[in-house]
Amino acid sequence: MECLFCKIVKKEIPARVVYNDDHTIAFLDINPANPGHILVVPKKHHETVMDADNESLEKAIVVVKELSKKVKEEMKAEGVNVLQNNGKFAGQLVPHVHFHIIPRFQDDMVIISYKRSQIEDAKMEEIRKKLE
Ligand code: 5GP
Ligand code: ZN
């Protein structure tokens, strides 16, 4: 079965498009966390940000920036979350790379939560070395 966002790119299924160029499309999330929740989608199909080509990502992130400014202004938002999920255990439902732009308001009911931990120094250094 073909990818949902590829179908939106090809206009095979409708979406409330707010931006469209050769590389990137952006449309309203069908189940918004807040009014004005946008998905920014590189048109080329790649499942995750790790798979995606750099050009697609570079183009998309500039659209993320511009639409974040726009949504903040037009929706009178007090803040904006930019989120991006990779893999089902990271909460990715649609396996076509995309960025969420979620306008935020004081006392809104959006919950983006994770429990913070503390890791001992030696372990932190081991991790840093692995990742450098
Ligand atoms: P993910 O969990 O993969 O990061 O986010 C996928 C998002 O796509 C969800 O927020 C979901 O509401 C949205 N979504 C799923 N199906 C459709 C659709 O057919 N149209 C639109 N506009 N958004 C969709
Ligand atoms: Zn796709």
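Numbering starts at 1 and runs along the sequence shown. Predicted model only: the values in this text are computed from it and were never measured. Note that ligands are numbered from 1 as they come in the structure, with each ligand's atoms numbered from 1 the same way.
From the protein, the heavy atom lying nearest to atom 16 (N) of ligand 1 is Leu4 CD2, 3.2 Å. Of the protein's non-hydrogen atoms, the one nearest atom 6 (C) of ligand 1 is His98 NE2, 3.6 Å.
Contacts between Arg16 and ligand 1, counted as non-hydrogen atom pairs separated by less than 4.0 Å, are absent for every part of the residue. Only the backbone of Leu28 comes within 4.0 Å of ligand 1, judged by heavy-atom distances. Residue Phe5 touches ligand 1 through its side chain alone, judged by heavy-atom distances below 4.0 Å.
Note on His45: its N/O/S atom closest to the Zn ion (ligand 2) is ND1.
For Lys59, the NZ atom is loosely surrounded, since the number of other residues' heavy atoms within 6.0 Å does not exceed 12.
The pair Lys129-Glu126 fails the salt-bridge criterion, with no side-chain N (NZ, NE, NH1 or NH2) lying under 4.0 Å from an Asp/Glu carboxylate O.
Note that CD of Glu66 and OG1 of Thr24 are 12.0 Å apart. Values are rounded to the nearest 0.5 Å.
The atoms of ligand 1 that sit less than 4.0 Å from any heavy atom of Asn31 are 12 (O). Which parts of ligand 1 touch Asn85 is read off a 4.0 Å heavy-atom cut-off, strictly below it: atoms 1 (P), 2 (O), 4 (O). Which parts of ligand 1 touch Gly91 is read off a 4.0 Å heavy-atom cut-off, strictly below it: atoms 1 (P), 2 (O).
For atom 4 (O) of ligand 1, the nearest non-hydrogen atom from the set Gln84, Gln92, His100, Lys7 comes from His100. The option with the heavy atom closest to atom 7 (C) of ligand 1, from among Asp29, Ile30, Leu93, is Asp29.
Taking the Zn ion (ligand 2) as the corner point, the angle from His96 atom ND1 to Cys3 atom SG is about 100° (rounded to 10 degrees).
Asn86 contributes no side-chain N or O that, together with a main-chain N or O of Thr48, makes up a donor-acceptor pair within less than 3.5 Å.
Nearest heavy atom pair, residue Val80 against residue Lys72, reads CG2-CB, 4.0 Å.
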